[in-house]
Structure formats: C-alpha cells, structure tokens
*Asks:* 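Can you keep this structure in mind? I'll have questions shortly.
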Amino acid sequence: MLTCKCDRAGVFTRTSACINEASVGNTVDCGGQVGQAPGWIPEKQRSHVSVSALSTYSGKIFRVTLLSLGVLLLLPLLVIILILESPIKPEVFTLKEPPMMKGCWEPNLKLREAQRLFEDQLVGPESIANIGDVLFSGTADGKIVKLVGRRIHTVTRFGKLPCGSREDEPTCGRPLGIRVGPNGTLFVADAYLGLFEVNPTTGEATRLVNGGQIVAGRKLSFINDVAVTQDGKKVYFTDSSSRWQRRDYMHLIMEATPDGRVLEYNTETKELTVVMEDLRFPNGIQLLPDEESVLVAETTMARIRRVHVAGLNKGGMDTFMDNLPGFPDNIRPSSTGGYWVAMSAVRPNPGFSMLDFLSQRPWIKKFIFKLFSQDILMKFVPRYSLVAELHDGGVCTRSFHDPNGLVAAYISEVHEHDGSLYLGSFRSPYIAKLDLSKV
C-alpha cells in the first residue's frame, strides 16, 4: 500500500503515483485512513451506475433519432406548403347559419323506400326525361340512352371513344341536363361538347351551341342544365364556370368564384346571348309557367335564384329561396305545381358543415388542394341524399331523406312521372325509383 498525503475528507492529493495506484481500484494509505481517487466509485456500485448511464444514453439516442425522422418526414410537407402553388384561388364568402332540420326539413328515411333500376348497367344518369313511358338519360360514358321496360338502348353518342377516365371525358363528352322539346325531340346539355337537339327515334343529333367557345369574353367551360320554352324558340342553359370543367367540379365548389352564367339560345335566329352572370356555380335550371323567369340553383351559395329572362323585369334577378339545408342541383316541376330539388350533400343543423366552415378560410382550402386529389376529397364528403318539394315564396312542403345515401346516393335530379319519382345521379350506377303512394 502506498502512503499518500490526504485532505480532511480522506481524498488524497493529486500526486501522480497515488492517482495511478488508485485508478486501478487499489487503496492508498492516508495516514491511518484509506483514501480514494477523486470520482472513484466503489466496486459494488459500479454495475448499477453503468446500467443507469447506459439507459440514459440510449434514451437520448432514441429521442434524437425520432426527432430526426420527424424532421425528414415533415420536410417534404413543408416544401409542398411553401413552394407548390395551390390549383385553386378561393374567395372568402359568407353563408348564413343553416336552417334547423325540423318541420318540413325533419330527417326521415323515406328515400330508402326507393328501388334501384338498371343497377350496374349504366353509370351517372345525371338527368332524366320521358316520352310516354320511355325514359331517356345521359350517362358518364357519353351516351344518350333510352330505357324501355328492363332494356337499355343507345340513342346516340356526341363524342368519341375511349371513355371512362378523367382524361377522356372532354373528348368522350358528358351529357348532363336533358329535356323533351315541343316537337318530341330531346334537348341535351353536354358539359364539354355543347348544346344538342336529338331525334330520339333515329339518333340524329344537331349541335346548336359549341362547347368551349368564347361568348361575351368568357369560355363555355362547363355547360350544365337546360330548359326549353313551350314553342321551342328559346333554350336557356347554365354554364357553371368559365374557368373549371365538369371533371374539376370540386375545384369549382371550393374556389367559389362567381364566374357562372345563364345563357339564352334562339333557335330561329341562332343568336346566343348572356342573360345573367357572376353566379357561384349555377347548376339546375327550370322555366316558370309564364316563361318570363327561370329558377337557377346556385349550388355554392345553397340557394335558388329567380332570373328574369323576359317581360318588364328582364335582366333582373332575385332570390326564390335562400339558405337551403343542402347544396341544390337540378330543379324539376312537381305535379302539385311546385318544384322538386335534389341535394346530395347537406348542411346539418345541429351538426357541422365542412363547406360552411371553409367558406371563411380560403387558406385552408389552398392547403387541402395541395395535398389531396378530387377523388380523395370526395371520400371525406358525408353522403346524405335529400329531396325537397318547394312552392312559390320559397315554401318547403315536404322532403324525403336518405342519411348516408344507403339506397339513393349522389342524387342530382328528381323527375316525376306517373306517380313516382325517378332519381338521377351524377355518379351512382343506377336510377332510383320512389313510389309516392308509399311515402
């Protein structure tokens, strides 16, 4: 044992020989007491300290690694947010607080009494018309079809193959609104290709208005619905947007820009004029009995406008019904003198409406469209089918519901014929039929 000078605490002074001796775990003599090297740990405590130190060190390594991975994963997202440009340029607009779902709007399950027709035999029968008991519709694959009994016959096709994809839609064509004219011909609005008159027997189609043309400085990008006067001399139709096409309808809804219009085509003079403009997603259109006004569903604003197309008030516009509990699509006459309105998404109250929430937050809309495609966004839109019968003065007289769209989903139109409602859809693979005597 080496004798060393130690302090009062029994720790030897820093003599190299003493340090060397103690560093290997040996003891040194401090004048009758055993000295220890500074920081020296007794052998019995070494294993416990080593395990504790190792555990602390591993924890630090784990936290650093986790933080590094988080930064690596978030970095691309930050790049997207800061660098990539959003495809939409949304505007701030205001919607009123949705009406309470009570009274005429009280939720029910009456639409679930409907039966599906031609299921998986056609896709997206947006609009429906009838000549006698024969039904006509336009489908997502660009066809005008005739439904006789249980059979489907192709009347005509405006575009060209291939069809079926988002990329093909502008050349394939997408027939939307369809009406029967006074001479028994069909007037059809194709979102891309234009306005057509079709002989339902021969399939001969005459183009009245070219889609994509410039009218009054704006492009016809999204021709939607159509209405025809009783004498067939004037045809009114909606152009939902000059910026967005039908295949980008979610962009149009989210952007909410007022670039939609109502136009008039004179079948005698071939003149095409703008009747009303600066609408937010004008959709369905319906002539009133006096033919001096048309009802127009302004989808984004959850309301129905009355546009005066003739008479003393020509060129004016007022509101037929404001603050609907859903977003209206096509409008068609009912047998009681009212109008059927189809809604495939609602603004629940009580509840939460995503579109109402986003109307005041354009920056969130931009962020969403930087990250997600339209198809993905559609999966987050709650399905709720609502059919309402409205009368003059914006009075709701009855409504039929299918929460979650279990039987009739994505409805776009309600066509009444022979005591039943035929429900069109912009994407479902069927037509739904509701017997009014059962509800």
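Computed from a predicted model, the values in this text were never measured in an experiment.
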*Asks:* Using atom types as modelled and distance alone, determine if a side-chain donor or acceptor of Ser399 lies under 3.5 Å from a backbone N or O of Cys104.
*Replies:*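 Pair found, side chain donor or acceptor close to backbone of Cys104.
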*Asks:* Does Phe222 have Arg246 sitting over its ring (NZ/CZ under 6.0 Å from centre, angle to axis within 45°)?
*Replies:*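 No, a cation-pi geometry is absent between Arg246 and Phe222.
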*Asks:* Can you tell me if Arg174 and Gln245 form a side-chain donor-acceptor pair at under 3.5 Å?
*Replies:*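 Absent: no donor and acceptor within the cut-off.
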*Asks:* Does any N or O in the side chain of Ser428 come within less than 3.5 Å of the main-chain N or O of Tyr430, such that one atom is a donor and the other an acceptor?
*Replies:*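 Between the backbone of Tyr430 and the side chain of Ser428 there is no qualifying donor-acceptor contact (under 3.5 Å).
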*Asks:* Does one side chain, of Thr94 or Gln360, offer a donor that lies under 3.5 Å from an acceptor on the other?
*Replies:*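 A pair is found: one side chain offers a donor N or O, the other an acceptor, under 3.5 Å apart.
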*Asks:* Looking only at heavy atoms, which two atoms of Gly405 and Ala409 are closest? And how far apart?
*Replies:*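 In terms of heavy atoms, the two residues are closest at O-CB, 3.4 Å.
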*Asks:* Only one of Lys366, Arg243, Lys89 clears salt bridge (Lys or Arg N to Asp or Glu O under 4.0 Å) with Glu255; which?
*Replies:*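 Running salt bridge (Lys or Arg N to Asp or Glu O under 4.0 Å) over Lys366, Arg243, Lys89 with Glu255 returns exactly one hit, Arg243.
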*Asks:* May I ask you to decide if Gly326's main-chain N or O and Arg347's side chain share a donor-acceptor pair within less than 3.5 Å?
*Replies:*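 Side chain of Arg347 to backbone of Gly326: no pair is present.
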*Asks:* Please say whether the positively charged group of Arg398, taken as NZ for Lys or CZ for Arg, lies over the ring of Phe400, i.e. under 6.0 angstrom from the six-membered ring centre and within 45 degrees of the axis.
*Replies:*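 Negative - Arg398 is either too far from the ring of Phe400 or too far off its axis.
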*Asks:* Could you tell me whether the side chain of Trp340 reaches within less than 4.5 Å of the side chain of Leu421, counting heavy atoms only?
*Replies:*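 Yes, at least one pair of side-chain atoms sits under 4.5 Å.
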*Asks:* Among Thr267, Leu186, Leu208, Val235, which residue satisfies the side chain to side chain contact (heavy atoms under 4.5 Å, CB included) criterion with Glu197?
*Replies:*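 Passing option: Leu208.
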*Asks:* Please evaluate residues Phe237 and Tyr265 with respect to the criterion ring-ring contact (aromatic ring centres under 6.0 Å, His included), reporting the C-alpha separation (whole Å), side-chain torsions for both, the decisive distance (0.1 Å), and the verdict.
*Replies:* CA-CA 8 Å; Phe237 64 96; Tyr265 176 75; 8.0 Å; no
*Asks:* Over 60° means perpendicular and under 30° means parallel, so tell me whether His401 and Tyr384 are parallel, tilted or perpendicular.
*Replies:*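 Rings of His401 and Tyr384: perpendicular, as their planes differ by over 60°.
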*Asks:* Would you say Ile431 and Arg116 make side-chain contact, with heavy atoms under 4.5 Å?
*Replies:*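 Not in contact.
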*Asks:* Roughly how far, to the nearest 0.5 Å, is the CG atom of Asn349 from the NZ atom of Lys102?
*Replies:*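 Here the interatomic distance stands at 9.5 Å.
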*Asks:* Would you please say whether a donor-acceptor pair under 3.5 Å links the side chains of Asp141 and Thr139?
*Replies:*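 There is such a pair (donor and acceptor under 3.5 Å, judged by atom type) between the side chains of Asp141 and Thr139.
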